[in-house]
Number of protein chains: 2
Amino acid sequence: MIVLNGNLSEIEVIIGEEPSLSQAGGVKVDRLDAIRSHLYANGFSTIQALADAIGASLATVRRDLQVLESEGVIDRVHGGARIAEGSSVELAFQERAKRHLSAKRAIATAAYDLLAPRTAIFLDAGTTVLQLARLIRLNPMPLRIFTNGLTVAQEFLNIPNLEVVLLGGQLRSENASLVGPQAEAMLESIWFDQLFLGASAISPDGAIYSVDSAEASLNKCMLSRSAHRFVLADSSKFGTMATYKVAPLSASKVITDAGLSTHWRGELAGLGVDVTIADLGGRE
Amino acid sequence: MIVLNGNLSEIEVIIGEEPSLSQAGGVKVDRLDAIRSHLYANGFSTIQALADAIGASLATVRRDLQVLESEGVIDRVHGGARIAEGSSVELAFQERAKRHLSAKRAIATAAYDLLAPRTAIFLDAGTTVLQLARLIRLNPMPLRIFTNGLTVAQEFLNIPNLEVVLLGGQLRSENASLVGPQAEAMLESIWFDQLFLGASAISPDGAIYSVDSAEASLNKCMLSRSAHRFVLADSSKFGTMATYKVAPLSASKVITDAGLSTHWRGELAGLGVDVTIADLGGRE
DNA sequence: ATGATTTTGATCTATTCTGATCTAATCGCG
DNA sequence: CGCGATTAGATCAGAATAGATCAAAATCAT
C-alpha cells in the first residue's frame with residue numbers, strides 16, 4: 001500500500017523500485033535537494049558555483065532552478081539564485097485580494113471615515129478589511145486595533161501610536177488568519193467599539209456566510225463583542241452562498257459599492273439594514 | 001563587556017566587527033544588500049564611498065541606488081544617499097537576521113536534527129530561531145508548532161502537515177513578536193516537547209538576558225512549559241549583557257557555533273550545561 | 001532487446017549588466 | 001548673479017548571463 005502525503009517527489013521515490021537510488025550524482029530529485037541544501041547553507045550562489053558543487057552542467061542547473069522557482073522555494077536573480085524570502089508566500093490570497101480591488105478600496109475608504117481616534121476596533125482577516133488596514137497604515141491615527149489576520153497585523157508593524165493585539169490560535173493558511181477555540185477564548189475578554197467584518201458570501205435571504213467552519217464560529221464571537229458592527233462586502237458577494245452560516249445581517253450595518261443591484265437595495269431596506277454605498281471616485 | 005540597551009542600531013555598530021559583510025561578489029543582489037547594510041550602518045554615504053566600500057564603479061552604484069530608491073528603502077540626495085526614514089526599524093530586523101548568518105544557519109541545522117515527527121515544539125521569535133523555521137519550511141515534517149513570532153508563523157503558510165498555533169498578544173514591532181499577559185495566559189494551557197529559544201545575550205555568569213521586559217517575562221513562561229529546552233545562540237552572544245534577565249542557562253541545553261571560546265566551553269561545562277557545537281560545514 | 005520518451009550537455013543567440021566617457025544639472029562661493 | 005567644481009544622467013561598447021535549440025545519452029515501457 002502506498003501512502004500519499006502530498007509530497008510528489010516522495011511519491012515518485014516510493015513507487016520507483018530502482019535499487020540504485022542511493023547514487024547522489026545522476027538523479028534529479030537528489031540534485032534538487034543538493035541545490036536547496038547548498039543555497040540554504042550559503043544564502044546565495046552563482047550558477048557556476050552550483051554546477052561545480054553538484055557536478056552538473058550549467059544548463060541543467062538552470063533547468064533545476066526553474067523548477068525550484070516554480071515551487072516557490074528559491075528566488076532567481078541575474079547572476080544566480082537565493083533562498084526565497086518569506087514574503088512571496090500566499091499566492092492564492094494575493095490573487096483574491098486583487099479581485100474587485102477598486103470596489104474594495106472604495107469600501108475601505110468609506111469605512112475609514114467611520115474611525116475615531118483613540119477607540120478600539122477589530123479588523124477581520126478578509127481581503128476587503130485588509131484594504132482598510134492599508135489605509136490606516138498610510139493615514140495613521142491613534143487606535144487600539146485587534147485582529148485575527150496575520151497580513152493585517154503585518155501592515156501595522158512600525159506604525160507609531162497604534163496598539164495592535166493579535167488573537168492567538170490555529171493558523172489557517174488559506175487567508176492567513178488565526179482561528180479555533182483559543183482565539184474565541186481570547187475574544188471573550190475583549191470588547192471593542194467597532195467591528196469590521198468581511199464576508200465570503202451574503203445569502204439571498206440576507207445572512208453572512210463563510211467558507212470555513214472555524215472562521216464562521218469565530219466571526220460569531222466577534223459580532224457579540226462589539227458595540228457597532230460593519231460588514232464590508234463588495235456587491236459581487238450579494239446573492240451568493242458559502243457553506244457555513246455566520247449570522248443574519250440584521251444586527252449589522254453594511255458597506256458596499258455602487259454595483260449593488262436595486263433589488264438588493266430594496267431587500268436590505270426591507271430587512272432594516274443600514275447600508276452605505278461607497279462611491280468609487282470618493283477618494284480624498 | 002557590552003551592554004545592550006534596546007537601541008538596535010547601536011548594537012549593530014558596537015558589535016559589528018566583521019569585514020566580510022561589505023564584500024560583494026560582483027553580483028547585483030549582493031551589491032544591493034551591501035549598500036543597504038552600509039547605508040544602514042552609516043546613515044548617509046557618498047556615492048564614492050559606497051563605490052569604494054563595495055568595489056564597483058560609480059555608474060553601477062548610481063544604478064543600484066535607483067533600484068533601492070524605487071523600492072523606497074533609501075532617499076537619494078545630491079552627493080549621496082541616506083536610509084529612508086520609515087524603513088530604518090524594519091531594516092534593523094533584517095540586518096540583525098543577516099549578522100552571523102552562516103553561524104545561525106549552522107545552529108539551526110543542528111537544531112533541526114533534534115526534531116522528531118509528530119511532536120510539539122515551540123519556536124521563539126528570534127532571528128536564529130527564524131532560520132530553524134525556514135529550515136523546517138524547506139524540509140517539512142509533520143509537527144505541531146507553537147510560536148510567538150509573526151515572521152516565524154509566516155514561514156509556515158501553506159506548508160502541509162504542519163499544525164501552527166500562534167500565541168495571541170500585543171504586537172511588538174522591533175522583532176514582530178507577540179508578548180504581554182495574553183500571550184502568557186495562553187502559554188499556561190500549552191505544553192510542548194521541545195522549546196527553541198533565542199537569546200539577546202548570555203551574561204558572563206551564564207544567564208540568558210533579553211532587551212525587552214515583556215519578552216523576558218514571556219520567555220520565562222516558555223521555559224516552564226517545555227519538556228526539553230534548547231537555547232540557540234551564536235558564539236558572539238556569550239559574555240554580553242542585556243537589560244532583563246530571563247533565566248540561568250543551567251536548566252537548558254545550548255546550541256552554538258564553533259566560534260565559542262575555550263574559556264566559555266570550560267565555563268559551560270563547569271555549569272553542567274550540555275553544549276552542542278554546530279559545525280559550519282556539517283551538511284548531509 | 002527495442003523503440004519512445006525524457007533528460008542532459010554543448011552551442012548559439014538574445015538579453016542584461018557593467019564601466020567609461022561625455023553632456024547636463026546642481027551646488028558652493030565670491 | 002555668474003563662475004568653477006562637483007555630481008547626476010545618458011550613451012555606448014564590451015562582458016557576463018540567461019534562454020533556445022539540438023544531438024547524444026539515459027531511462028522507461030513494451
Side-chain angles (χ1 to χ4, degrees), chain A residues 2 7-39 42-85 88, chain B residues 22-39 42-84:
Chain A
I2 298 167
N7 186 324
L8 288 173
S9 52
E10 272 191 38
I11 296 172
E12 288 171 14
V13 171
I14 293 170
I15 297 179
E17 293 153 12
E18 274 66 30
S20 65
L21 233 141
S22 54
Q23 184 157 357
V27 186
K28 183 169 184 179
V29 178
D30 288 347
R31 237 181 20 240
L32 293 178
D33 280 346
I35 289 176
R36 285 202 297 197
S37 183
H38 192 267
L39 276 181
N42 299 321
F44 174 88
S45 181
T46 66
I47 305 223
Q48 184 64 57
L50 282 170
D52 292 345
I54 292 161
S57 71
L58 295 174
T60 301
V61 173
R62 276 185 226 283
R63 277 186 286 253
D64 290 344
L65 290 178
Q66 284 182 336
V67 173
L68 291 174
E69 187 184 38
S70 69
E71 290 177 6
V73 178
I74 65 162
D75 286 335
R76 242 149 45 104
V77 292
H78 196 95
R82 61 168 33 166
I83 285 287
E85 301 293 328
S88 62
Chain B
S22 54
Q23 282 289 8
V27 188
K28 185 168 183 178
V29 286
D30 281 345
R31 263 194 342 257
L32 293 178
D33 281 347
I35 290 176
R36 269 191 281 258
S37 285
H38 193 95
L39 243 37
N42 300 337
F44 173 87
S45 180
T46 66
I47 305 219
Q48 185 63 57
L50 282 170
D52 292 345
I54 293 162
S57 71
L58 295 173
T60 301
V61 173
R62 276 186 227 283
R63 276 186 286 251
D64 290 343
L65 290 178
Q66 283 182 338
V67 173
L68 290 173
E69 187 184 37
S70 69
E71 288 177 8
V73 298
I74 67 162
D75 288 332
R76 255 160 28 116
V77 292
H78 196 91
R82 62 168 26 102
I83 280 286

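Below, chains carry the letters A, B, ... as their sequence lines are ordered, and counting in each starts from 1.
To the nearest 0.5 angstrom, A/D30 atom CG is 11.5 Å from A/S37 atom OG. For the atom pair OG of B/S45 and CZ of B/R82, the computed distance is 11.0 Å after rounding to the nearest 0.5 Å. Annotation: the span from A/I35 atom CD1 to A/L65 atom CG amounts to 5.0 Å, rounded to 0.5 Å. To the nearest 0.5 Å, atoms CG (A/L58) and CZ (A/R63) are separated by 11.0 Å.
Atom CG of A/D30 is separated from atom P of C/dT8 by 12 Å (rounded to the nearest Å). The separation between B/Q48 atom CD and C/dG19 atom P is 13 Å, rounded to whole Å. Here the P atom of nucleotide D/dT7 and the NE2 atom of B/H78 are 7 Å apart, to the nearest Å. The separation between A/I74 atom CD1 and D/dA18 atom C1' is 14 Å, rounded to whole Å. Rounded to an integer number of Å, the gap from B/Q66 CD to D/dT7 C1' is 14 Å. B/L58 has its CG atom 16 Å from the C1' atom of C/dT23, to the nearest Å. For the pair A/L50 CG and D/dT17 C1', the computed distance is 14 Å after rounding to whole Å. B/I54 has its CD1 atom 14 Å from the C1' atom of C/dT18, to the nearest Å.
Sequence order on DNA chain D of the closest nucleotides to A/T46 and A/A59 puts A/T46 first from the 5' end.
Not a single donor-acceptor pair, N or O on each side, falls under 3.5 Å between the base of C/dG9 and the side chain of A/R62. Scanning atom types as modelled, one donor and one acceptor separated by under 3.5 angstrom connect the side chain of B/R63 and the base of C/dG19.
For D/dG19, the OP1/OP2 oxygens have a side-chain nitrogen or oxygen of A/R76 closer than 4.0 Å. Contact check, B/R31 against C/dT18: a side-chain N or O comes under 4.0 Å of OP1 or OP2. Applying the 4.0 Å criterion to OP1 and OP2 of C/dG19, one finds that B/T60 has a side-chain N or O inside that range.
Nucleic acid contact class of A/V77 (heavy atoms, under 4.0 Å, all strands): sugar-phosphate only.
Here D/dA8 is the nucleotide among D/dA8, C/dC17, D/dT11 with the atom lying nearest to any side-chain atom of B/I47.
The side-chain heavy atoms of A/L68 and A/R36, taken from C-beta on, include a pair separated by under 4.5 Å.
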